[in-house]
Amino acid sequence: MLILTASLSIWIILFSAFNFMAINWSEVFWNWNFSLINPLDSKKVKNVWELLFFSARAGIAEESERYINLLLLLIIFKSRKLRVEWSILGSSFIFALSHILNVFSAPPYQMKPDQVVHQVVNAFGIGCFLAVLFLYSGKLWLTMLIHTFADIVALSITSIGMIGETLLDPFTQTFIDLSSWLILAAILFLFNKQTVKHTATILTKNKNI
């Protein structure tokens, strides 16, 4: 289950990147042109080491912050019947809101307002998945790796990949990305609810606020 879930998350990350560049339906789902994603020829970041460092730093720092937020929410909602569910949604909401500040990012990481909106919505979806994945696996390093990979892919789109008309409009792209992550998170949670809740119990055992 863990290998399958990790593999599906990698597919969704690539799928999310390519549906922004697709000019026909085959390029949305499977006929991907990987030459459009190259960290050595990134449109935004010309130094590959800076790109890798930025991605790794974001993966480590933001997943560590997620762990803290998730733990605090599990404690706050300790007496609630759906405390795990509320903690997952709450930590993902906090994670998503933190991306609003990217509208003020300096070059080369600056983003347009509509791009920030997409990132915030997508961050909520992937946040739900990564929160469930952590509670299911108990492995923070796994969520860090997946998060880092997602940032590497997003920053590695080439100049050619950002040029031209695409098949899907921004609203559809955002809806598809959000739905993909939420469906994967829901499947992982529902099939492993006892494991997820057991991990949450272990994390909050003997912790009080």
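Because the structure is predicted, anything quoted here is derived from the model rather than measured.
Here the side chain of Ser87 pairs a donor or acceptor atom with the backbone of Leu73 at under 3.5 angstrom. Distance alone, capped at 3.5 Å, is enough to place a donor-acceptor pair between the Arg66 side chain and the Gly127 backbone. A distance-only check finds no donor-acceptor pair linking the side chain of Ser42 to the backbone of Pro39 [under 3.5 Å]. Using a distance-only test at 3.5 Å, with no hydrogens or angles considered, no donor-acceptor pair links the side chain of Asn192 to the main chain of Thr195.
Once rounded to the nearest 0.5 Å, the distance linking OG1 of Thr172 with CG of Asp177 reads 11.0 Å. Rounding to the nearest 0.5 angstrom, the gap separating the CZ atom in Arg80 from the CG atom in Leu74 is 13.0 Å. Taking CG of Leu182 as the start and CZ of Phe124 as the end, the distance is 6.0 Å to the nearest 0.5 Å. One distance of note links CG of Leu140 with CG of Leu145; it measures 10.0 Å at 0.5 Å rounding. Between atom CG of residue Leu135 and atom OH of residue Tyr67 there is a gap of 10.5 Å, rounded to the nearest 0.5 Å. Taken from SG in Cys128 to CD in Glu85, the straight-line distance is 11.5 Å, to the nearest 0.5 Å.
Of all the heavy atoms in Gly59 and Thr148, the pair that sits closest is CA-OG1, 3.6 Å. The two residues Val116 and Asn102 make their nearest non-hydrogen contact at CG2-C, 4.1 Å.
With no hydrogens or angles considered, no side-chain donor-acceptor pair links Gln173 and His118 at under 3.5 Å. Residues Glu63 and His147 have side chains that bring a donor and an acceptor to within less than 3.5 angstrom of each other. In this structure, a donor-acceptor pair under 3.5 Å is absent between the side chains of Thr158 and Asn38.
For NZ of Lys44, the number of neighbouring non-hydrogen atoms (other residues, nucleotides, ligands) closer than 6.0 Å is greater than 12. Within 6.0 Å of the CZ atom in Phe93, the count of heavy atoms belonging to other residues, nucleotides or ligands does not exceed 12. Within a 6.0 Å radius of CG in Leu82, more than 12 heavy atoms belonging to other residues, nucleotides or ligands are found.
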TODO: Might you work through the side-chain contact (heavy atoms from CB on, under 4.5 Å) test for Asn47 and Phe53, ending with a clear yes or no?
DONE: CA-CA 10 Å; Asn47 187 317; Phe53 174 77; over 6 Å; no

- [ ] Just do the side-chain contact (heavy atoms from CB on, under 4.5 Å) check on Val117 and Thr174 with the steps written out, would you?
- [x] CA-CA 9 Å; Val117 170; Thr174 302; over 6 Å; no

Open item on the list: Run the ring-ring contact (aromatic ring centres under 6.0 Å, His included) test on Phe129 and Tyr136 for me, step by step, so that the C-alpha distance in whole Å, both residues' side-chain angles and the decisive distance to 0.1 Å come before the verdict.
Closed with: CA-CA 10 Å; Phe129 165 70; Tyr136 165 63; over 10 Å; no

- [ ] Could you check Met21 against Asn33 for side-chain contact (heavy atoms from CB on, under 4.5 Å), going step by step and ending with a plain yes or no?
- [x] CA-CA 9 Å; Met21 300 180 280; Asn33 182 0; over 6 Å; no

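For the pair Ile152 and Leu52, the minimum side-chain heavy-atom distance is below 4.5 Å. Taking the side chain as every heavy atom from C-beta outward, Val121 and His99 never approach each other to under 4.5 Å. Looking at Leu2 and Leu142, their side chains come closer than 4.5 Å, going by heavy atoms from C-beta outward. Using a 4.5 Å heavy-atom threshold, the side chains of Val84 and Lys193 count as separate. A 4.5 Å side-chain heavy-atom check between Ile76 and Trp86 finds every atom pair outside the cut-off. Contact of the Phe20 side chain with the Pro170 side chain is not registered, since no non-hydrogen atoms from C-beta on lie closer than 4.5 Å. At least one side-chain heavy atom of Ile12 sits less than 4.5 Å from a side-chain heavy atom of Ser16. Side chains of Leu155 and Phe54 form a contact here, defined as non-hydrogen atoms less than 4.5 Å apart.
The aromatic rings of Trp32 and Trp11 sit tilted relative to each other, their planes meeting at an angle between 30° and 60°.
In this structure Phe29 satisfies the ring-ring contact (aromatic ring centres under 6.0 Å, His included) test together with Phe15, sequence neighbours excluded.
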